[in-house]
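The figures here come from the full heavy-atom set of this structure, side chains too, leaving out hydrogens, waters and symmetry mates. For clarity, every value in this text was computed on a predicted model and none was experimentally measured. Letters A, B, ... mirror the listed sequences (proteins, then strands); counts begin at 1.
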Amino acid sequence: MRLTLADLAARCDLELAGTAAAAITGVCGLSDDLPDCISFIINRDQVAAAARSRIPAFVTRPDALIPGKHNLLHQHPEIAICRVAAMFAPVAYTPSTLLAANASIAASAQLGADVIVGPGVVIGERVVIGARTRLLPGSIVLDDVRIGADCLLYPRVVVREQCQLGDRVIIQPGAVIGGDGFGFVTDAAGNPIKVPQVGRVIIGDDVELGANSTIDRARFTDTVIGRGTKIDNLVIVAHNVRIGENCLIAAQCGIAGSSRLGDRVRLGGQVGVIGHVAIGDDVVVLAQSLVTKDLAQPGTYAGTPAMPARAWRAAVARFRRAGRSRGC
Amino acid sequence: MRLTLADLAARCDLELAGTAAAAITGVCGLSDDLPDCISFIINRDQVAAAARSRIPAFVTRPDALIPGKHNLLHQHPEIAICRVAAMFAPVAYTPSTLLAANASIAASAQLGADVIVGPGVVIGERVVIGARTRLLPGSIVLDDVRIGADCLLYPRVVVREQCQLGDRVIIQPGAVIGGDGFGFVTDAAGNPIKVPQVGRVIIGDDVELGANSTIDRARFTDTVIGRGTKIDNLVIVAHNVRIGENCLIAAQCGIAGSSRLGDRVRLGGQVGVIGHVAIGDDVVVLAQSLVTKDLAQPGTYAGTPAMPARAWRAAVARFRRAGRSRGC
Amino acid sequence: MRLTLADLAARCDLELAGTAAAAITGVCGLSDDLPDCISFIINRDQVAAAARSRIPAFVTRPDALIPGKHNLLHQHPEIAICRVAAMFAPVAYTPSTLLAANASIAASAQLGADVIVGPGVVIGERVVIGARTRLLPGSIVLDDVRIGADCLLYPRVVVREQCQLGDRVIIQPGAVIGGDGFGFVTDAAGNPIKVPQVGRVIIGDDVELGANSTIDRARFTDTVIGRGTKIDNLVIVAHNVRIGENCLIAAQCGIAGSSRLGDRVRLGGQVGVIGHVAIGDDVVVLAQSLVTKDLAQPGTYAGTPAMPARAWRAAVARFRRAGRSRGC
C-alpha cells in the first residue's frame, strides 16, 4: 500500500508541512528507522533523533518541527498516529458471504444487519447479535448470549450461555467468556463437591480482551468488566469479580474471586490479586506483585505482598545489599 | 425460572420452615442482597445479617433459624445450596440432534448410548466414548483416546492421541490435554533436539479442568491426574507429573516436569512447582509461591522459595519494616 | 508395537551388544522401571542402578556397559534415545483424505505437495503453505499468512493475517500467533484509545510453540522468534519482542513489549521480562524471576527484580533466617 502525504493528511486531519506528492508505504517507530515509512514523535526532545533518522515523514506537534523531513502536524501525535496506522491495517479475513455455509446458526438466533459469521462458527438458541458485529472463523456462542453492535470476535473465541457483551467489544483469538468459576465445598468424606456456577459475565462497551484470556461466570450473579477496560493475553478474571471502567490489565494477571477493582486501575504483567479484596480508583500495581489486602488510596504499589512502591524499592535495595555482602 | 419453596424443599431434600407457596426466581450470596432469591448461611454468626437483608428465603442449619425469613433447613447448608443452585443452572447448548451433521466422526470410533456430539466436533480413529458424555461444539479428540461416561467437554477442548479420561470429568472451554511435553537435548552444535513425547495423559474420575489449562503428555509413560482433583484456568501440568486425589490447584499454577503431588494438596493462584520435587498429602501452598524442594510434612507454605508460612510472614514483616524505615 | 533389538539397532544407528531377537514394546525412563521397555543412561554413575532395574535393554555409551542387560551403544545416548522414542510415537490423527471435505480453503490459497488439511480448518485468501505441512483439525489461518514446509500445526491453532512461519515449525494445540499487541494511548477525557497493531509475527525455522501460548503481532513492524527457539505452554511474547536463536522459554513466561533476547537464552517457568530491556546471549534466568533491567553478561540470574543468582541465594538465606528467628 502506498499513500501520498496529501492523501494521508486529508484522511487523518493533519496539517501538512512537506511535499504533498511524497508517498509512504507504512508506519514505523523512530527506532525502526525505515526509509519508506511515516513515524511520529511526541515532544521536542525527540526532534534531533528524528532529524538524524532515515525516516522521511513524521507526525509531530506544531512546536516540534523536524528539519529536513516532511512534517504532519497535530497537537496530539500519539493519537493522530493511531488514525495513520489504521490506514495500513491489513485485512484479517475476507468472507465470501456474510453468513458462511458451514456455520451452525440456531433458528431462534437474531442477527442484526450486516453481521458476518465465518466458517465453523456456532451460534446457539435465542442468541442476539447487534449490527455489523463480526464473528471470525471458529468462534462459538452458546445459548441466550447477547452481543452488541460493531463487535469483533477473532477466531476461536468462546462465549458461554447467558453472557452479555456491549458494543464495540474486541475479543482476541482463543479467549473464553463464561467458563465455570472455581468453586467447591468439601463433603463429610473430604471430597470436593462442585458449586454450580449459574451466574453470568457482563462485559461493557469498548472492552478489549486478549488472546487466550478467561473470564469466569459468577457463582450466582454476575462477573462484570466495566466500559473501556482493556485486558491483555492469558489473564484470568475469576467468578464474581467486578472491574470498573478504563482499567488496563496486563498479560498473565490473575484476579481471584469476588475482588473489586475501581476505575482506571493499572495492573502490570503477572500481578495476582487474592480473593475478596478491593482496589480503589487510579491504583497502579507493578509487575509480578501480589495484592493481599484492600488498596484504597490511589498510588503505585509493588511486592509480594504489595506495599507502596517506594517502600518496596527501599526494602528490595536492602535485600540486594544483603545478597552482595554475603554472596559475591 | 420460578420455583415455590415447597417444590424446592422437596427436590433438594430440605425441611421447610416457611410459606410453601412462596416462590423465588434465583439464588444469590448474602452480600448480593436480591429480593427474589434464595441464599444460605453456614453458621449462627450470620443470622443477624441475614435477617437485615432483603433476601426472602435462606438455607440454614436447624440451630440457626433466621427471624422474619423463610427457612429451609439442612445440616450442611453449603452443600445443600449446591443442589438448589443446580435447579437454576442455565442450559449451555441445545443440540438439534445427538450427533451434529457437520461433526467428523471416524468410522472406527465407538460412542456409548446418548452421547452428544456438537457441530464442528472431530473424533479420531478408534476413540471410545462412554454413555451420556457430551462434546459441545468445536471440541477435537484425536486417535485412540478413551473418554468415560457422563463427561462434559465444553467448546473447543482438545484431547490429543492416546489420552484417557475417567467418568464424570468436566473440561472447561479451550483446555488442552496431551500436548507435547517440553523436552529437548542439545546436540554437538548447540541446537536443541526434540525428545519425542510418546506418553499419555491419564485423568481420573470426577476431575475438573479449567478454561485454557494445559496438561502435557508424558515423555515416555504417563502424566496422571488423580480422582476428584480440580484444576482451575490457565494452569500447566508438565510432562510426567503425578497429582493425587482431591487436590485443588488454583488458576495459573505451573507444575514442572516429573513432580509429584499427594492427596488433598491445595495450591493458591500463580504457584510454581519446579521439576522433580515431591509435595506430600495435605500440603497447602499460598498464592504466588515457588516450591523448590520436597515438602513432605502437611502444613501451609509460602514464599519464593517456599518455606513454612509462619516463618515467611515473619520474614516479610521484617522486609517491610526495612522498606518503611528507609523509603517513607 | 513390538520391535526386535536388531531392528531397532539398524533403524536407529546403534551398535547392539545383546540378543538380536529380543524384543521391546516401548521406551521408559530409568525410574519408570518397566519390564518390556528400553531405557537409556548417560554416564557410568547410572550403571549400577540400571543393572538393578527390571528394564531389559538400554542405550548407553560404549564405556558404560550394563551387566546382565542388552546394551545398545552410542556415543550420545540422550540423542540416540530420541530416535528410539520416535519409533514408538503414536499416530496423532489419521486423515481420510489430504484435504478434508469440510475445510474452508480460499481459492487464492497456494498449497504445496502433500499438504494435509483436517476437518474444520479455515485457510484465508492468498495464504501460501509449503510441502508436507500438516494442519490438524480446527486450525485457522487468516489472510496472507505464509507457512513453510514440513510444519505441524496441532488442532485449534490460530495464525492471524500476514504472519509468517519458517520450515519444520511445530505449534501445539490452542496457540495463537498474531493477536493484537496491547497498545493504547489515553485521550483528553482519560479513555484508552487503541493503537492499531498493523505489524506481523515472523517465526524462524525449527521453532516449537507450546499449547495455548500467544505471540502478539508488532505494533508497526515485526515480532520475531529466531530459528530453533523452543517456547513452552501459556507463554506470552508481546508486540515487537525479538527473540534470538535456540532459546528455551519455559511455561508461563511473559516477555513484555519491545524487549530483546539474544541467542541460547534460557528462561525458567513463570519468568517475567518487563518492556524495553535487552537480555544477552547465554543468559539463564531462574523460575519466577522478574527481569527489570538489561542483563548483558552471560550467567545465571534470579529474583524479583532479577540479580546474579549467587547474590540472590545469599539474600534469600538471610531473609529466611529473619523468618526463622521471629516466626517459629
Side-chain angles (χ1 to χ4, degrees), chain B residues 102 104 106 120 122 124-125 138 140 142-144 156 158 160-162 174 176 179-180 182 184-185 187-188 190-198 212-214 216 219-221 234 236 238 240 252 254 256 270 272 274 288 290 292 303-305 307-308 310-319, chain C residues 26-29 32 34 37 39 76 78-79 81-82 85-86 88-94 96 100 102 118-120 136-138 154-156 170 172-174 206 208 210-212 228 230 232-234 246 248 250-252 264 268-270 287-288 304 316 319-320 322-328:
Chain B
N102 68 346
S104 299
V122 177
E125 297 290 346
I140 292 174
L142 298 185
D143 289 0
D144 298 293
R156 293 208 298 93
V158 173
R160 272 187 50 189
E161 65 274 17
Q162 306 260 351
V176 174
D180 281 354
F182 194 65
F184 302 91
V185 291
D187 72 9
N191 297 304
I193 302 296
K194 182 177 178 70
V195 180
Q197 304 290 303
V198 305
N212 282 346
S213 281
T214 67
D216 279 357
R219 185 181 57 160
F220 300 145
T221 54
L234 294 169
I236 166 161
N240 296 77
Q252 294 175 324
Q270 300 182 331
I274 73 162
Q288 227 177 50
L290 180 69
T292 59
T304 300
M307 61 189 82
R310 190 174 168 187
W312 177 75
R313 287 198 185 91
V316 162
R318 188 161 173 171
F319 175 84
Chain C
V27 56
C28 74
D32 297 320
L34 295 176
C37 288
S39 187
H76 298 287
E78 73 282 4
I79 292 176
I81 198 73
C82 295
F88 294 96
V91 171
Y93 181 71
T94 309
S96 48
N102 68 345
L136 266 53
Y154 278 102
R156 295 206 299 92
I170 298 173
Q172 298 294 328
D206 299 299
E208 179 158 351
N212 282 347
K230 315 297 188 185
D232 201 353
N233 299 1
L234 294 168
N246 289 342
L248 296 174
Q252 294 175 323
R264 296 171 304 281
Q270 299 183 331
Q288 226 178 52
T304 300
V316 162
F319 175 84
R320 293 175 77 123
R324 273 199 297 273
S325 61
R326 294 171 178 244
C328 294

Next item on the list: Check step by step if side-chain contact (heavy atoms from CB on, under 4.5 Å) holds for B:Phe182 and C:Lys230.
Entry: CA-CA 8 Å; B:Phe182 194 65; C:Lys230 315 297 188 185; 3.8 Å; yes
Notebook entry, point to check: What is the minimum heavy-atom distance between C:Pro173 and B:Arg160, and which atoms define it?
Noted result: CG-CD, 3.7 Å
Next item on the list: Could you look at C:Asp32 and say if it's the side chain, the backbone, both or neither that has a heavy atom under 4.5 Å from chain B?
Entry: side chain
Notebook entry, point to check: What's the shortest heavy-atom distance between B:Leu142 and C:Ala92, and which atoms?
Noted result: CB-O, 3.1 Å
Note to self: Restricting to salt bridge (Lys or Arg N to Asp or Glu O under 4.0 Å), what partner residues turn up for C:Arg264, sequence neighbours left out?
What the structure shows: C:Asp282
Notebook entry, point to check: What part of B:Ser104 gets closer than 4.5 Å to chain C, counting heavy atoms only: side chain, backbone, both or neither?
Noted result: side chain
Notebook entry, point to check: Quick one: what part of C:Asp232 sits under 4.5 Å from any heavy atom of chain B, side chain, backbone, both or neither?
Noted result: both
Checklist line | C:Gly228 backbone acceptor or donor facing B:Asn191 side chain under 3.5 Å | finding: no
Check: Which bit of C:Tyr154 comes within less than 4.5 Å of chain B, counting heavy atoms only: side chain, backbone, both or neither?
Finding: side chain
Notebook entry, point to check: Does any heavy atom of chain C fall under 4.5 Å from the side chain of B:Thr292, the backbone, both, or neither of them?
Noted result: neither
Check: Quick one: do the C:Thr94 and B:Asp143 side chains pair a donor with an acceptor below 3.5 Å?
Finding: yes
Notebook entry, point to check: What distance separates B:Gln252 CD from C:Leu234 CG, expressed to the nearest 0.5 Å?
Noted result: 9.0 Å
Check: Most heavy-atom pairs under 4.5 angstrom with chain C, which of B:Ala106, B:Gly179, B:Gly124, B:Pro192?
Finding: B:Pro192
Next item on the list: Under 4.5 Å heavy-atom distance to chain B, tell me which part of C:Val91 shows up: side chain, backbone, both or neither.
Entry: both
Check: Side chain, backbone, both or neither: which part of C:Glu78 has a non-hydrogen atom closer than 4.5 Å to chain B?
Finding: both
Next item on the list: Answer with side chain, backbone, both or neither: which region of B:Ile140 has an atom nearer than 4.5 Å to a non-hydrogen atom of chain C?
Entry: side chain
Item checked: B:Val195 versus chain C, the contacting section by heavy-atom distance below 4.5 Å -> both
Item checked: For C:Ala89 against B:Val198, the heavy-atom pair lying closest together -> CA-CG1, 3.6 Å
Next item on the list: Any chance you could lay out the side-chain contact (heavy atoms from CB on, under 4.5 Å) test for C:Ile81 and B:Val185, step after step, and finish with the verdict?
Entry: CA-CA 10 Å; C:Ile81 198 73; B:Val185 291; over 6 Å; no
Notebook entry, point to check: What is the distance from atom CG of B:Asp144 to atom OH of C:Tyr93, rounded to the nearest 0.5 Å?
Noted result: 13.0 Å
Margin query: Once rounded to the nearest 0.5 Å, what's the spacing between atom CZ of B:Phe220 and atom OG of C:Ser39?
Written below: 7.0 Å
Next item on the list: Test B:Val176 against C:Gln172 for side-chain contact (heavy atoms from CB on, under 4.5 Å), laying out the working first.
Entry: CA-CA 9 Å; B:Val176 174; C:Gln172 298 294 328; over 6 Å; no
Notebook entry, point to check: Between B:Gly174 and C:Asn212, what is the shortest heavy-atom contact and its length?
Noted result: O-ND2, 3.1 Å
Check: Taking it one step at a time, do B:Phe184 and C:Glu208 satisfy side-chain contact (heavy atoms from CB on, under 4.5 Å)?
Finding: CA-CA 11 Å; B:Phe184 302 91; C:Glu208 179 158 351; 3.9 Å; yes
Note to self: I need the residue from B:Asp216, B:Asn240, B:Ile193, B:Asp187 with the largest number of non-hydrogen atom pairs under 4.5 Å to chain C.
What the structure shows: B:Asp216
Item checked: Check: C:Asn102/B:Asn102 side-chain N/O donor and acceptor closer than 3.5 Å -> no
Item checked: Best-contacting candidate, B:Arg313, B:Glu125, B:Met307, against chain C by heavy atom pairs under 4.5 angstrom -> B:Met307
Check: Side chain, backbone, both or neither: which part of B:Val158 has a heavy atom under 4.5 Å from chain C?
Finding: both
Next item on the list: Return the option, out of C:Ala250, C:Pro155, C:Gly26, with the maximum number of heavy-atom pairs under 4.5 Å with chain B.
Entry: C:Pro155
Next item on the list: Check whether any side-chain heavy atom of C:Ile170 lies under 4.5 Å from a side-chain heavy atom of B:Lys194, and answer yes or no.
Entry: yes
Notebook entry, point to check: What's the spacing between B:Gln197 CD and C:Cys82 SG if we round to 0.5 Å?
Noted result: 9.0 Å
Check: Is there a donor-acceptor pair under 3.5 Å between the side chain of B:Arg156 and the backbone N or O of C:Arg156?
Finding: no
Item checked: Smallest separation among heavy atoms of B:Pro196 and C:Ala86, with atom names -> CG-N, 3.8 Å
Checklist line | Atom of C:Cys28, atom of B:Thr221 and distance for their closest heavy-atom approach | finding: CB-CG2, 4.2 Å
Item checked: Gap separating the CD atom of B:Gln270 from the CD atom of C:Gln270, nearest 0.5 angstrom -> 7.5 Å
